[in-house]
Every structure is written in structure tokens, then in C-alpha cells.
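What follows is a single structure, written as C-alpha cells, with notes after it.
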Amino acid sequence: MAKMWAGRTDGITDPIADEFNSSIRIDQRMYKEDITGSLAHAKMLKKQSIIPSGAADHIIGALAGILEDIQKGDLVIDPEAEDIHMFVEQVLTERIGDEGKMLHTARSRNDQVANDTRMYLRSASEDMQKKVGAIVEVLCETAEANKDVIMPGYTHMQRAQPVVFGQHMLAYAMMFLRDIERLQDLTKRMNRSVIGACALAGTTYDIDREYEAELLGFDQIAMNSMDAVSDRDFCLELLSALSILMMHVSRMAEELILWSSWEFRFIELSDAYTTGSSIMPQKKNPDMAELLRGKTGRVYGDLMSLLTVMKGIPLAYNKDMQEDKEPVFDALDTAGMCLDVLAPMLASMKVNAPEMYKAAQKGFINATDLADYLVKKGMPFRAAYKICGQITAACIASGEVLETLPLEAYRTYSELFEEDLYQAIDLKTAVNSRISAGGTGIKSVEAQIVWVKQQLEELL
Ligand code: ARG
């Protein structure tokens, strides 16, 4: 069958070319946006008397019917169609005849596809924000339940200073909150209407772009027609935000994997999110967490793929840009599913507080507190630091820990040491004296939980 765009050519193409050219497999998920966009376009054409009012009404009625039929499953999207835009227009013309052919006045698929994609992605961004919000909520609950559970905090993967598990969870909550902010921020720039840019240069018809934009819920219109149909930066911004979000997911997954190892035993994942080995009977593998980490690579790939597609394209529309939707949709599906798995996985994990405490005791992580003790008694920090380093080295050599080293031994290093040093280096004291804003002290952790919940309320 000849194409709807037959004219200059006879519209007869090689089936292999049709298959190659077709994007319906990918863009059919935008059917609702495409029809909503067309409804607004018909209303605008009617209001501006660009097409006869009666024809516009028939188009509007038929489009509403098409939407309903697709939603009900009465109209199946034809996989042979070139794309969703052609499919809808084709069905429209089949249903109401020549009047259907008036819809594409003062419009091109170039502005149409960009507008549809913007509409689809802005609501996908909202869904994603809610999913991230669900993670933040679980993190708050976990933080609340573990606000006094002491664990070693690490730098360079070496035990550094004692923290509470709640503090560690809240660190991720802060990151995910910023992911929501990033999504909101880019959605603002995405929410500009490009319809009316037409093929690339605007149109000779007296269209009302503002009106059409308003009908479709856009905040404003894109001010340059060539920019409007040429750029896909809004897709790239979303892909960047999703990549950063997945980087956070992946770091968290990495920690869950480490913590659930027999070496750490800080947490135990629920059986529901682990698998067994087909050969080793003792195994409980954190497959889901590993996939969260693995799928991050896939989302990064989606970003790189579109950046690469876009880098050499001259203005304005080029068919290369049809390759925009597959990576964006894939990244959305992948990140969305990851968040759906992560939330219940976190909520159901068991925290092994005694193991965390044991690990915190063995690593000299209160050495800073020992130094601070001397500083509070008047010694300059650098001098205190050096003495405590020497004490630590001696303890390691003799198999002792700071808590068990006798006072006489301490006093050979400095006369400032007294009986109260043991209180100062107690892990609970060490944690709870970190009272600075944002620190790991229990008051600070409680304040952070309140703050995160407030932020979430304001953002979503
Ligand atoms: N399926 C196309 C896309 O996704 C629609 C735009 C086609 N425009 C054109 N002039 N061939 O980019």
C-alpha cells in the first residue's frame, strides 16, 4: 500500500525499508499523548477558523473514540504502521473520511513527536519521583528503627569512626531527595510546548500556540521553531538524572551485598529477595541487589547512546532522532523496576545490631575520640593525634584495644590521661557527642528524620 506521504515519490517502499524505518514498536506507548495532542490541535484549528468548525468537531469526536477504543482493547495498534502518529491519523481518516485529512494542517510530525515525547516524559518523571519518594520513606523508617545502632563508619573501606546505622541510611535518603529535586527541575524545562514549530520554520497559518500549549498543560511555548524540533536535551537531562539516581541505587546495592556477606553479617536480606545456588546448599545469594548494581550500567549506556546519536546532527529534524525514545523508555523502565524492588528489599532486611557493634569495637575507631580527649585537656590537636597514633600502634603490637589498655600504660604517654578517658572513648559516648548539625549523634539523627520527612512533603 502506498504511504500517506506518497506524492513526490510513489510511496512504495521495500518491506525491509519499512521495517527499518518503523518506530511503532517503541512509540506506541505514547498513543494517549499523541491523541491528546491531536485533540488540542483540532480545537486550536477550530478556534482560529483554520478548518471548518464542523470538520473539527468530527475530528474531535473521532479522536476521542479512537482513544477509548485503544484503551478498551477494541482497537489494536497495527505493528506494521510507520509510527504512532501515522497510525492514529490513518484510523481517523478511515473513520471519518476526508475531514480526517484536515487535522495535519499547520503541523508536522517533527513538532508532533517532540510534543508527544515531552508530554509522555513529564508524567513519567512524576511517576519516577513518587517511586524515589517511596525509597526515601523506607529509609526514614529504617533510620528511625536504628537510630542508636552503632556500627563502624568507613573511609577508604577502613574502619574510621563509629556512626549509627540510622545516619548511614539517612545519607542515602539525602541523595534520593536530591534525585527527586533533579527530576522536578528538568521537568520544568521539559514542560514547554513545541507544537506549532511545524517542520522547522513555523507556519503561514494564524495559529495560537499559547492556547494549544495551555490545553496540553504546558507552562510556556518554546520560542524558536528550529530549536523546538531539533533538540533532545530534555531526554538527555532525564537520562542524566536517571543515571545519577541509579548511581545512588548501585552504591546502596553494593553495600547491601557487602553487609550481607558472611564477612560482615551486618544485615540479612529477606529470603524474598535472594536466591539459592544450584550446587552449594549453604548459599543465599543477593541476586536482586547485584542486579540493581548491574542494571545501573544499562541506564548509563542509554545516556551514552543518545548523547552519541545527537552529537553530530545538523539542525533541524533528522531521522536519527527517532532513536531517542528507545533509550529513554528503557532507562525509565529499568530505573522504575529497580526502585520497585529496592523499596521492599530495604523494608524487609534484618539489621544485625550485635554484629555491627562487634565490628565497631575492634577497629580502633574511637582513636579520634581519644585524641579529642587530650585536646579538651589542653593539648594541641596535632600533638594529641601523634600520641594516640603511637598508643594505637602499641596496642596492635600487643594485641590490646584502647578500652582494655590500663591507665598506667596511658600515663606513660601523657600525664593528662585520667580514669575518665574510658568514658570518653566508649562507643556510645563517641557517637552521641557528635552533636554538630548533620552529625551522627542521636539528636541530630532524629532532627534529620524530621527534616527529610518535611522535604518529602514539600516536594511531592
Ligand atoms: N517516528 C518519527 C520519530 O520518532 C516521527 C517523526 C518523523 N518525521 C519525519 N519527518 N520523518 O522521530
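Read the numbers this way: they start at 1 and go in the same order the structure lists the ligands and their atoms. Please read all numbers here as calculations on a predicted model, not as lab measurements.
- Taking the centre of each ring, F87 and Y31 stay at or above the 6.0 Å mark.
- Taking 4.0 Å as the cut-off between side-chain N and carboxylate O, K3 and E82 do not count as a salt-bridged pair.
- What sits closest to atom 5 (C) of ligand 1 on the protein, heavy atoms only, is D83 OD2, 3.4 Å.
- Given atom 3 (C) of ligand 1, the protein heavy atom at minimum distance is Y317 OH, 3.3 Å.
- A salt bridge does not link R182 to D185: none of the charged nitrogens lies less than 4.0 Å from a carboxylate oxygen.
- Annotation: cation-pi geometry not satisfied between R122 and F234 (NZ/CZ under 6.0 angstrom from ring centroid, within 45° of ring axis).
- When each atom of ligand 1 is checked for a heavy atom of S23 under 4.0 Å away, the hits are 1 (N).
- When heavy-atom distances to ligand 1 are checked against a 4.0 Å cut-off, K325 comes that close only through its side chain, counted from C-beta outward.
- Scanning all protein heavy atoms for the shortest distance to atom 9 (C) of ligand 1 gives N110 OD1, 3.4 Å.
- Between D219 and K188, none of the side-chain N atoms (NZ, or NE/NH1/NH2) sits under 4.0 Å from a carboxylate O, so this pair counts as no salt bridge.
- Ion pairing between E355 and K358 holds under the 4.0 Å rule for side-chain N and carboxylate O.
- Considering only non-hydrogen protein atoms, atom 11 (N) of ligand 1 sits nearest to R109 NH2, 3.8 Å.
- Closest to atom 2 (C) of ligand 1 by heavy atom, among E326, Q322, H85, is Q322.
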